[in-house]
Structures are given as C-alpha cells and as structure tokens.
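Quick caveat, the model's predicted, so the values are computed rather than measured.
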Amino acid sequence: MKTDLSKVLTVSGERGLFSYVAQAARGAILESMLTKKRFVAGPSAKMSALSDISIFTQEGEMKLQEVLTAMKNSLGDEKAPSGKSAPEVLKEFFGKVVPDYDGERFYPSHMKKVVEWYNCLKEYASLDFETEEEGAKASDNEESAKTAASKQAKEASKQKGAKVSGKQAAPAKASVPRKVV
C-alpha cells in the first residue's frame, strides 16, 4: 500500500511521526506510528504534513517526497544513518543523496529529522509514495462513492413512497388498531 504523505504528520514537541485518523471537535485525531496510540492534537498544536515540507537546494527547494525517494534509491534496503550520528556523517550522506543541498540553510538538525522520518517510514509504513494525481483520484473516487450511495438511498426511499430529504427518512410507524371504548 502506498503512503500518502499528506496524511503523515509531524507534531512539534512530540517524538516520531503520526497518521491522521479523523477530524475531532477540537483538533485532529492522530495515531503514533511508533506506539500505535491515538490522541487528539488540539488547535494550538503545531502540525505539519510531510507533503508540505521541502529542503533548500542551491536552485530552490526540493520536496521531501523527492528527497525520501532519492534516499531510497541510494540506500536500497539499508537504513539511513541514525539521527544521533555526527553532523559530518549526515552532511556526507546528504552530499551523496542530494548533492546540491544548500549547506547554509539546510542544517544538521534538519538532516537529523529527515533521516529519522525516513527510518520511521521504512519501518512502520511504506517508502512507495502516492503521487498528487493518485491522491486526487482517490479523493474523487471516495467522493463519488459517497454521492452514489446517497443517490441509491434516495432512490430506494422514493420507491417506498417516503419523503426525500437530506436526512434519512424515519422508519414508518406500524399501524396498530386503536382500542375503541
């Protein structure tokens, strides 16, 4: 199954990556990839989808998905260096993977996060990423399936002679003879 990076989040102050589960009344329900525990991230939580993150290069910016794919192609089945590696090791690694990264704006602290995210995705998700077109098709298919189900429910209720409204019709009351006194 392909990983949709728009549903994989990082939360400021929390360790690891999180999967978006659902919208909550006061925030979002997230599930930790490491512990599989769910929690509600409130509106004050600083969350970022991995699909929105880029790294600085000499020519501009490079999307994180492209960086992770380059890391996968370079490493094969091996893990990336640990996030606790020395800055020189990380700089050397990114020099091989993304040779034109901007050393003045892409710091070793950023490199540590990227290799930790890579290792987390490798272990708990997939490094086969969904493209934007596939994500749009999936959401269109999901939306059309909901619309089709709604139309089928309306058609079924029309055939039964019930009122058609935005909500489902209440079940018809059974006709029970009244007691005549």
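Although no hydrogens or angles enter the test, the distance criterion places a donor-acceptor pair under 3.5 Å between the side chain of Thr69 and the main chain of Gln65. Side-chain atoms of Ser126 never come within 3.5 Å of backbone atoms of Lys2 as a donor-acceptor pair (strictly under, hydrogens ignored).
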Task: Step-by-step side chain to side chain contact (heavy atoms under 4.5 Å, CB included) determination, Val21 to Leu30 - done: CA-CA 5 Å; Val21 177; Leu30 305 178; 5.8 Å; no

- [ ] Determine, stepwise, if the pair Leu5 / Phe129 fulfils side chain to side chain contact (heavy atoms under 4.5 Å, CB included).
- [x] CA-CA 7 Å; Leu5 289 182; Phe129 303 113; 3.8 Å; yes

- [ ] Would you sort out whether Lys72 and Tyr118 count as a side chain to side chain contact (heavy atoms under 4.5 Å, CB included), showing the intermediate values?
- [x] CA-CA 9 Å; Lys72 176 184 169 189; Tyr118 177 86; 3.9 Å; yes

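Cluster annotation: Met33 is connected to Val115 through the hydrophobic network of ILVMFWY side chains, with a link wherever side-chain heavy atoms come within less than 4.5 Å. By the criterion of side-chain heavy atoms lying less than 4.5 angstrom apart, applied directly or through intervening Ile, Leu, Val, Met, Phe, Trp or Tyr residues, Val8 is grouped together with Leu34 in one hydrophobic cluster. At a threshold of 4.5 Å between side-chain heavy atoms, the hydrophobic network of Ile, Leu, Val, Met, Phe, Trp and Tyr places Leu121 and Leu75 in one connected group. The hydrophobic clustering, which links ILVMFWY residues whose side-chain heavy atoms are closer than 4.5 Å, places Ile53 and Val114 together.
Between the CG atom in Asp102 and the CD1 atom in Ile55 there is a gap of 9.5 Å [rounded to 0.5 Å]. With values rounded to the nearest 0.5 angstrom, Arg105 atom CZ is found 7.5 Å from Glu61 atom CD. Once rounded to the nearest 0.5 Å, the distance linking CE of Met71 with CG of Leu127 reads 9.0 Å. Separating the CG atom in Leu68 from the CG atom in Asp128 is a distance of 12.5 Å, to the nearest 0.5 Å. A distance of 12.0 Å separates OH of Tyr124 from OG of Ser19, quoted to the nearest 0.5 Å. Taken from CD in Glu31 to OH in Tyr20, the straight-line distance is 13.5 Å, to the nearest 0.5 Å.
Ser51 approaches Lys63 most closely through the heavy-atom pair O-NZ, 3.5 Å. Nearest approach of Pro108 to Leu90, heavy atoms of both residues: O-CD1, 4.1 Å. Between Ser85 and Lys112, the shortest heavy-atom contact is O-CE, 4.0 Å. Between Thr10 and Gly16, the closest heavy-atom pair is OG1-O, 4.4 Å. Residue Val89 comes nearest to Pro81 through the heavy atom pair CG1-CB, 4.4 Å, listed as atom of the first residue, atom of the second, then distance. Across every non-hydrogen atom of Gly95 and Tyr101, the tightest pair is N-CE2, 3.7 Å.
Counting heavy atoms from C-beta on, the side chains of Met62 and Val98 come closer than 4.5 Å. In this structure, the side chains of Leu17 and Leu50 come closer than 4.5 Å at one or more pairs of heavy atoms. The closest side-chain heavy-atom distance from Asp100 to Thr57 is below 4.5 Å.
Atom NZ of Lys122 has more than 12 neighbouring heavy atoms from other residues, nucleotides or ligands inside a 6.0 Å radius. Counting heavy atoms of neighbouring residues, nucleotides and ligands inside a 6.0 Å radius, atom NZ of Lys36 exceeds 12 of them. Annotation: Glu78, atom CD; neighbour count of heavy atoms from other residues, nucleotides and ligands within 6.0 Å does not exceed 12. Residue Gln23 qualifies as enclosed at atom CD: its count of foreign heavy atoms under 6.0 Å is above 12.
Centroid-to-centroid, the aromatic rings of Phe94 and Phe106 come within less than 6.0 Å.
For the residue pair Asp4/Ser6, the side-chain donor-acceptor check at 3.5 Å is satisfied.
For the pair Lys96 and Glu92, the salt-bridge criterion is met [side-chain N within less than 4.0 Å of a carboxylate O]. A salt bridge links Glu123 with Lys79: the closest approach of a Lys/Arg side-chain nitrogen to an acidic carboxylate oxygen falls below 4.0 angstrom.
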